[in-house]
Amino acid sequence: MTFTLPDHLSVRGGQLYIGQHDCVNLAEEYGTPLFVTDEERLRSNFTRYDEALKKHYSDVQMLYAAKANGNLTIMKIFAQLGAGADVFSSGELHMALLAGMLPEKLLFNGSSKTKDDLKLAVEKDVKVSLDSFDELRQLNEIAGEAGKIAEVSFRINPAIDVPTHPKIATGLATSKFGIKADQIVDAYRAAMECENILPVGMHCHIGSQILAVEPFAKAAEIMVKVAGEITDLGVRLTFIDIGGGLGIPYNHTTETAPTPEEYADAVMPVFLNGIRKLGIKPQLWVEPGRNLVGDTTVILTKVNSVKTAHKKFVNVDAGFNLLLRPAMYDAYHEVIVANKADHDYETEYTVTGPICETGDIIANDRMLPHVEDGDIIAILDAGAYGYSMASQYNCRPRCPEVMVFGDRSGIMRRGESVIDILNTMKKLPWHEK
Ligand code: LLP
């Protein structure tokens, strides 16, 4: 191994372990490909983030970003720990409620909600983060029809550049998300004039996989400045939501990520000074996703074959159908040969998936021990935007997800079968005999 493993991963007797479990045994027992998540790591990631913020201010509410990993078991664990959720669809809203999260701890986000989405939010008394004037008008009508007052925030576009992949920077002036600076006050004024709307919050999210704290501090500064303008209008803010976005180190040799404590130390003084000056005491809402789940999970994938062409390819059974991040964002994920974890790294390989696309590369030009068919490769840090972005491309059923906790392990989502895929397809009436 050329890098230090995080606490929940270890090498024992030459094999890679997650928690107390030998990855090779897990692969044998449950088959490959396989997602394996460590429940203790999940819990400690959550508690650490929560405590780091609450050390500065007790009135913090964690809203887990459900899109990062929407497994119901994971959502339930976070619900038990006191979390609400940032939900981005009616589906995620249903999942959050089913997991036991309280409606008052949810925020329905999204730049393109349907009227049915808005109706559901109203019906379930879930606050809505509005992303346009048009949506404000629609929600006012829908709340009126339901005889309710809808509590809302607007998503603020803070127009700041962040050091991350352009596809996941969400608070740029040119981004599709949020209300522009020069329209924010008008938006809140319009909301106050709506009969069935009560503006109570502010929301922003500047992007994802951000490995510096300064952009978050900058966003917090903008948020409290806008909070002042809105408070002057007469809005009584009960929450300010500064989103998620704190990254994790994917390249364990070259990358370091700010800790939740460093994040809190940078952001909280700005937030606290701001609200103190305004004389308001809103709850602070945060929406971490990746930071809570990213490093908790490995994908175990089996080597089908090894081929020497212009370079050496290792063909495994997990591709961008299960982990889209390398193909979509050129993302880096560490790979470890789980059954040879203490062998010398002597050969350069490119690890490729089984999908019929040239871009289906999991790891490019990596030094690994000598690899043979049947070896088990662990892809690290696959807990965020792994399964949640998985597809059935090439008619490949999605694989199971397993949780480990102490000496126990169990399936938290079964694998799909080709029958599952076929079951959604219908014969057209004019093709019936
Ligand atoms: N809140 C909102 C409104 C968001 O849009 C997101 C992520 C989050 C919170 C959580 O961000 P996090 O703490 O996880 O960075 N698929 C990409 C990431 C897309 C993020 C989308 N929004 C990836 O694999 O890197």
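In this text, all values refer to a predicted model and were calculated from it rather than measured experimentally. Atoms within each ligand, like the ligands themselves, are counted from 1 in listed order. Sequential numbering from 1 along the given sequence is applied to the chain's residues.
Relative orientation of the Phe177 and Phe88 rings is perpendicular, given thresholds of 30° and 60° on the angle between their planes.
Within a 6.0 Å sphere centred on CZ of Arg408, heavy atoms belonging to other residues, nucleotides or ligands number 12 at most. Within a 6.0 Å radius of NZ in Lys54, more than 12 heavy atoms belonging to other residues, nucleotides or ligands are found. No more than 12 heavy atoms of other residues, nucleotides or ligands lie within 6.0 Å of NZ in Lys218, so this atom counts as exposed by the packing criterion.
For Tyr349 (side chain) and Asp365 (main-chain N/O), no donor-acceptor pair under 3.5 Å exists by modelled atom type.
Heavy atoms of Pro288 approach ligand 1 to within less than 4.0 angstrom. For Asn291, the heavy-atom gap to ligand 1 stays at 4.0 angstrom or more. Residue contacts with ligand 1 include Arg155, since one of its heavy atoms falls under 4.0 Å from the ligand.
Counted by atom type alone, Asn109 and Lys127 present zero donor-acceptor pairs between their side chains at under 3.5 Å.
Taking any N or O of Gly245, backbone or side chain, at least one lies under 3.5 Å from an N or O belonging to ligand 1. Of the polar atoms of Gly244, none of the N or O atoms is found under 3.5 Å from an N or O of ligand 1, judged by distance alone. Ligand 1 has a nitrogen or oxygen under 3.5 angstrom from a nitrogen or oxygen of Ser208. At a 3.5 angstrom cut-off on N or O pairs, His203 does not count as close to ligand 1. In terms of polar-atom proximity, defined here as any N/O pair under 3.5 Å, Lys67 does make such a contact with ligand 1.
Using a 4.0 Å cut-off to heavy atoms of Arg325, the atoms of ligand 1 that qualify are 23 (C), 24 (O), 25 (O). Close contacts of ligand 1 with Gly289, meaning ligand atoms under 4.0 Å from a residue heavy atom, involve 12 (P), 13 (O), 14 (O). Shown in contact with Asp86 at under 4.0 Å from a heavy atom are these atoms of ligand 1, numbered in order with element: 1 (N), 2 (C), 8 (C), 9 (C). Close approach of ligand 1 to Ala65 is summarised as follows: ligand atoms under 4.0 Å from at least one heavy atom of the residue are 8 (C), 9 (C), 10 (C).
Contacts between Glu287 and ligand 1, counted as non-hydrogen atom pairs separated by less than 4.0 Å, involve both the backbone and the side chain.
Ile377 pairs with exactly one of Thr32, Val316, Ile299 by the side-chain contact (heavy atoms from CB on, under 4.5 Å) rule, that one being Val316.
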Start with the C-alpha gap between Asp131 and Lys176, add the side-chain angles, then the distance that decides, and say whether side-chain contact (heavy atoms from CB on, under 4.5 Å) holds. CA-CA 9 Å; Asp131 205 284; Lys176 73 168 180 174; over 6 Å; no
